[in-house]
Number of protein chains: 2
Amino acid sequence: MTKSSNSDNRQILLQTALSLFARRGFSSVGVQEIVTAAGLSKPTLYHYFGHKQGLLSAILATYSPAFLARLERAADYQGDLIASLEQVAAAYFESAQAEPDFFYLMLSMNYLPAEHETEPLIQPFRLQLQNLLETLFIQAVPQHGNLRGHEVFLASSLTGSLNHQALALLKRDVARTGVSFSGQEIHQLVKHYMYGIYVL
Amino acid sequence: MTKSSNSDNRQILLQTALSLFARRGFSSVGVQEIVTAAGLSKPTLYHYFGHKQGLLSAILATYSPAFLARLERAADYQGDLIASLEQVAAAYFESAQAEPDFFYLMLSMNYLPAEHETEPLIQPFRLQLQNLLETLFIQAVPQHGNLRGHEVFLASSLTGSLNHQALALLKRDVARTGVSFSGQEIHQLVKHYMYGIYVL
DNA sequence: TTCATTCTATACCGATTGGTATAGAATGGC
DNA sequence: GCCATTCTATACCAATCGGTATAGAATGAA
């Protein structure tokens with residue numbers, strides 16, 4: 001190599017595309033629109049990402065590791081399931097707050113049709129998240145024997161609640177600068193999840 | 001009027017479009033692909049639906065009333081919240097089973113970005129569903145005073161759980177002829193929703 | 001300096017996008 | 001029969017789609 005990589009433009013393209021995809025969806029945003037918004041040209045984009053899907057793939061590769069790592073730390077089980085769940089919920093909402101565009105993109109991709117062109121890209125992410133939560137519940141089985149055999153259901157149900165709650169908050173706060181997730185919502189969600197409706 | 005309407009082709013186009021939208025998403029399916037799959041031509045489609053969005057709008061107008069009416073009947077509160085919730089969950093899954101394409105389309109549209117071109121079409125549907133469930137919880141307040149003030153959260157959380165559970169089942173059973181939702185999943189979901197994890 | 005390599009833009013490609021102008025076929029009212 | 005209306009197809013529209021051929025600018029290694 002004789003020329004050091006000028007990855008500034010790569011970053012600009014990545015951010016611009018993320019913003020547009022998160023707001024209007026992958027399929028509805030054209031490559032020309034991305035490069036125009038970024039103040040660059042198509043060959044630059046294709047130099048760094050190869051094709052349109054590669055751009056989305058790079059977005060996932062850039063943001064999802066930190067997201068999943070943070071959740072994995074939060075899901076660390078130390079004998080207190082409630083504490084772990086509250087940490088997971090907090091990490092989930094805080095990640096959404098830290099990278100709202102990425103979070104929104106993940107959220108929408110997660111519910112896309114099975115034969116959608118982006119499904120192969122989101123599937124590993126979904127599986128990792130599901131595994132992460134299942135592992136937490138499996139670890140909690142010794143203290144909570146009644147969980148046994150329900151790990152898949154519990155992980156799926158928790159993800160659904162977190163997603164839908166986050167969606168409502170994102171749509172509600174769409175006009176503000178930052179999305180705010182109060183600790184109250186976290187406690188409410190976890191308490192309801194653990195004890196049902198009678199503790200609300 | 002001098003010629004009675006031949007709405008067969010209208011129905012064919014509606015069904016074909018529904019099937020394609022449910023499988024690959026609204027934005028990824030072109031008008032030409034729809035009419036080719038239906039064995040018709042573009043002017044026929046534009047005669048009945050005006051534009052591409054009108055086609056999606058007609059799909060919603062055709063299927064959502066029955067879906068919501070069925071849920072409304074199921075959500076009828078007779079003093080037993082558990083019974084109502086089980087009826088709602090059963091109605092939700094049975095509707096998904098009865099019209100899997102429509103259900104999948106609703107599900108994916110529900111989590112699309114706020115500025116997606118189809119958001120105005122799905123918003124009324126989402127609000128009606130949310131209202132329907134909130135009303136149920138409000139009616140249950142006299143018997144369950146601790147619910148008061150949490151109706152919005154509970155309706156949102158329930159929807160999220162139902163959606164994510166339905167998604168998992170749909171993806172799991174994607175290859176089979178019909179999607180099967182066992183009564184076991186319904187009981188599990190409602191019991192967990194009411195009493196938390198300790199009854200599983 | 002020379003040269004290989006990286007990066008970027010102009011201009012273009014064929015294919016497809018949503019949508020339509022035109023005209024003809026079908027059909028019911030009269 | 002005749003006419004109005006509904007429905008449908010061929011052929012077309014400008015615009016955009018994802019992607020690229022070509023060439024030049026920039027830069028580091030030698």
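Side chains included, hydrogens not; waters and symmetry mates left out as well; all remaining heavy atoms used. This one's a predicted model, so the numbers in the text were calculated from it and none came from an experiment. Sequence lines set the chain letters: A, B, ... in the order given, protein chains first and strands last, and positions in each chain run from 1.
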### Task
Check side-chain hydrogen bond (donor to acceptor under 3.5 Å, both in side chains) between A:Y63 and all other residues, then give those that pass, not counting sequence neighbours.
A:Q15

#### Entry: Contacts of A:R23 that satisfy side-chain hydrogen bond (donor to acceptor under 3.5 Å, both in side chains) - sequence neighbours left out
A:S19, A:D101

## Note on the structure
Quick note, ring pair (Phe, Tyr, Trp, His ring centres under 6.0 Å) partners involving residues 112-138 of chain A, not counting sequence neighbours, are A:F67-A:F125

Review item, nucleotides 21-24 of chain D N/O atoms under 3.5 Å of protein N/O:
none

Salt bridge (Lys or Arg N to Asp or Glu O under 4.0 Å) contacts in which one or both residues fall within [range], not counting sequence neighbours:
range                     : value
residues 73-91 of chain A : none
residues 27-44 of chain A : A:R24-A:E33
residues 46-61 of chain A : none

What is the distance, rounded to the nearest whole Å, between atom [atom1] of [X] and atom [atom2] of [N]?
X      : N      : atom1 : atom2 : result
B:L56  : C:dG18 : CG    : C1'   : 15 Å
B:H51  : C:dT20 : NE2   : P     : 10 Å
A:E117 : D:dC17 : CD    : P     : 13 Å
A:Y46  : C:dC12 : OH    : P     : 19 Å
B:Y48  : D:dA9  : OH    : C1'   : 13 Å
B:F49  : C:dG18 : CZ    : C1'   : 16 Å

### Query
Given C:dC7, is OP1 or OP2 found less than 4.0 Å from the side-chain N or O atoms of A:H47?
yes

### Query
Where the side chain of B:K52 is concerned, which of C:dG18, D:dG19, C:dT6 is the nearest nucleotide?
C:dG18

### Task
With side chain to side chain donor-acceptor pair (under 3.5 Å) as the test, would you mind laying out the steps for A:Q165 and A:S161 before giving the verdict?
CA-CA 6 Å; A:Q165 202 71 9; A:S161 286; over 6 Å; no

### Message
Applying side-chain hydrogen bond (donor to acceptor under 3.5 Å, both in side chains) as the test, list every pair that has at least one member in residues 128-141 of chain B; sequence neighbours left out.
### Response
B:Q130-B:E134

### Query
Does anything in residues 11-20 of chain B reach DNA chain C, meaning a heavy atom under 4.0 Å, and if so which residues?
none

### Task
Please examine the side chains of B:L81 and B:L147, heavy atoms only from C-beta on, and report whether any two atoms are closer than 4.5 Å.
yes

### Message
Among residues at least two apart in sequence or on other chains, which ones pass salt bridge (Lys or Arg N to Asp or Glu O under 4.0 Å) with B:R126?
### Response
B:E119

#### Entry: Contacting residues from residues 27-42 of chain B, given that a heavy atom lies under 4.0 angstrom of DNA chain D
B:L40, B:S41

### Task
Can you sort out the partners of A:F21 under ring-ring contact (aromatic ring centres under 6.0 Å, His included), two or more places apart, ordered by chain and number?
A:F26

